Amino acid sequence: MTNLTKDFFYSLSQNKLLNESAKKWGFKFGADKFVAGTDLDSVTKTIKKLNRHGISGTVDNLGEFVSDREEAMRATNNIIRLLNRINEENLDCHVSVKLTQLGLDIDEQFCIDNMRKIMEAASKFGIFVNIDMEDYSRYEQTLRILQTLREEFENVGTVMQAYLYRAEDDLEQLKDVRIRLVKGAYKESEAVAYQSKAEIDRNYLKLAKKRLLGDAFTSIATHDHNIINELKAFIKENNISHDKFEFQMLYGFRTELQYNLAAEGYRFCTYIPFGTDWFGYYMRRLAERPQNINLIVKDVFYDSNNKLKKKPLVIAAGAATFLCLLRKRKNSGK
């Protein structure tokens, strides 16, 4: 049942019609728990709050699966405005970008040209840019574009997904590149990726330890406290400098643990998404952890005192509309 739920939400995250419709809804149904607002001012406040707790950020101006050149150029300009804001406000953060938002599915060279504009602005301000890794169909292109950009810029890296069989070999090729190591947020076939949690966790730990013994900086991106505790012991045992790595988690997830790790003296970074194009990101978070649905239902219908919120009929109508969209999508079998 859990796998069916995950598959369902993964499929919704890929639905372009629902993604477009969600832009018109605004934040609904608990999305504000995991997305830090829709504009620069709101995300700036979030970054400053985290910075006060000794936590840095990587900011994602949400967007993906862009098929229109003008939209890709607008996204490029929005990211450049974000870089300017980071510089102006002296914020402790860098940016994360998705190549499909910048025109990868339109034309690879067009995407590279847009990335080059972003990199020029980031280099001027000394800000690191991380290229998010998307689904496997874009994997080779992403690595190719990374290598092209690194011929001109040093302040760019990418993400490696531990569920991929080839991750270890590719990390060896990227041993001098700053990497964010994740388990993997997309549904991939057993032809290219491990399927069980045990296999993915085992490979994650193997890759993380290998990176920690290397020279390049690594972002250890996981919410799994068992993995974190094992790596903390490994770091202590091997006397690994805290300057060589950071722990990283998503905004809205395990906030207390985030603060605790920072208070313990570890470098910590929160992945902070914002913007109107929130639906695909949000559905993948539900796919990764379907039990979040219970928290979201409670947030929609009940206040902090566990009492039914005012205007429940209005709230219920909105929730029912959303659930009908989900059910229609599921029943269509697409």
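For the numbers below, each heavy atom of this structure counts, side chains included, while hydrogens, waters and symmetry mates do not. This is a predicted model, so every value here is computed, not measured.
By the rule that hydrophobic residues join a cluster once side-chain heavy atoms approach within less than 4.5 Å of another member, Y186 and Y136 end up as members of one cluster. Tracing side-chain contacts under 4.5 Å through hydrophobic residues (I, L, V, M, F, W, Y), one never reaches I79 starting from V66; they form parts of separate clusters. When the side chains of ILVMFWY residues are joined at heavy-atom separations under 4.5 Å, either directly or via intervening members, F110 and L99 end up in two distinct hydrophobic clusters. Hydrophobic clustering (side-chain heavy atoms under 4.5 Å, transitive across Ile, Leu, Val, Met, Phe, Trp, Tyr) groups L143 together with M115. Note: the hydrophobic cluster containing V182 also contains L146 (ILVMFWY, side chain heavy atoms under 4.5 Å, direct or indirect links).
Here I127 contributes atom CD1 and C93 contributes atom SG; the two are 7.0 Å apart, rounded to the nearest 0.5 Å. Once rounded to the nearest 0.5 Å, the distance linking OG1 of T46 with CD1 of I272 reads 6.5 Å. Summarising the geometry, atom CZ belonging to R267 is positioned 4.0 Å from atom CZ belonging to F217; distances are rounded to the nearest 0.5 Å. The distance from the NE2 atom of H225 to the CZ atom of R254 is 6.0 Å, given to the nearest 0.5 Å. Distance check: F268 CZ to Q248 CD gives 7.5 Å after rounding to the nearest 0.5 Å. Atom CE of M160 sits about 4.5 Å away from atom CG of L171, to the nearest 0.5 Å.
Q195 places a side-chain N or O within 3.5 Å of a backbone atom of A193 that can act as its donor or acceptor partner. Formation of a donor-acceptor pair under 3.5 Å by the E134 side chain with backbone atoms of T100 is found in this model.
Taking both residues in full, the closest heavy atoms of F247 and I235 are given as CZ-CD1, 4.4 Å, listed atom of the first, atom of the second, then distance. When all heavy atoms of T218 and R211 are compared, the pair lying nearest together is OG1-NE, 2.9 Å. Between H53 and A262, the shortest heavy-atom distance links the atoms O-CB, 3.9 Å. The two residues S42 and G37 come nearest to each other via the heavy atoms OG-CA, 3.4 Å. When all heavy atoms are compared, the tightest approach of T142 to R138 is OG1-O, 2.8 Å. Residues E108 and R144 come closest through the heavy atom pair OE1-NH2, 2.8 Å.
Considering only heavy atoms from C-beta on, L261 comes within 4.5 Å of E264 through its side chain. In this structure, the side chains of K183 and D201 come closer than 4.5 Å at one or more pairs of heavy atoms. The closest side-chain heavy-atom distance from T158 to M133 is below 4.5 Å. When side chains are defined from C-beta on, V95 counts as touching V129, because their heavy atoms get closer than 4.5 Å. Contact annotation: the side chain of Q141 never approaches that of C111 to less than 4.5 Å [non-hydrogen atoms, C-beta and beyond]. Side-chain contact between T270 and Q258 is present, with heavy atoms from C-beta onward closer than 4.5 Å. Counting only heavy atoms from C-beta outward, the side chains of K209 and N238 never approach each other to under 4.5 Å. Taking the side chain as every heavy atom from C-beta outward, P273 and F34 never approach each other to under 4.5 Å.
Each of V59, T44, I118 was checked for a side-chain contact (heavy atoms from CB on, under 4.5 Å) with L82, and the lone residue meeting it is V59.
Counted by atom type alone, N155 and S123 present one or more donor-acceptor pairs between their side chains at under 3.5 Å. For the residue pair N203 / E199, no side-chain donor-acceptor distance below 3.5 Å is found, with atom types taken as modelled. Side-chain contact, N78 with R81: a donor N or O sits under 3.5 Å from an acceptor N or O. Remark: the Y271 side chain and the D132 side chain contain an N/O donor-acceptor pair separated by less than 3.5 Å. The closest side-chain donor-acceptor pair between D224 and Y204, if any, does not fall under 3.5 angstrom.
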Run the side-chain contact (heavy atoms from CB on, under 4.5 Å) test on F128 and T58 for me, step by step, so that the C-alpha distance in whole Å, both residues' side-chain angles and the decisive distance to 0.1 Å come before the verdict. CA-CA 9 Å; F128 177 71; T58 179; over 6 Å; no
side-chain contact (heavy atoms from CB on, under 4.5 Å) assessment of E152 paired with M119: CA-CA 9 Å; E152 301 177 55; M119 292 309 309; over 6 Å; no
Pair K124-L83, side-chain contact (heavy atoms from CB on, under 4.5 Å): steps then yes or no: CA-CA 10 Å; K124 182 172 64 175; L83 289 165; over 6 Å; no
Start with the C-alpha distance between R116 and F153, add both sets of side-chain angles, then the distance that settles side-chain contact (heavy atoms from CB on, under 4.5 Å), and finish with yes or no. CA-CA 9 Å; R116 187 173 283 114; F153 307 99; 4.1 Å; yes
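A salt bridge links K175 to E172: one of the charged nitrogens lies within less than 4.0 Å of a carboxylate oxygen. A salt bridge is absent between K45 and D39: the closest approach of a Lys/Arg side-chain nitrogen to an acidic carboxylate oxygen does not fall below 4.0 angstrom.
Taking the six-membered ring where the residue is Trp, H242 and F245 present perpendicular rings, their angle passing 60° and hence far from 30°. The aromatic rings of F253 and H223 sit tilted, their planes meeting at an angle between 30° and 60°.
Within a 6.0 Å sphere centred on CD of E154, heavy atoms belonging to other residues, nucleotides or ligands number 12 at most.
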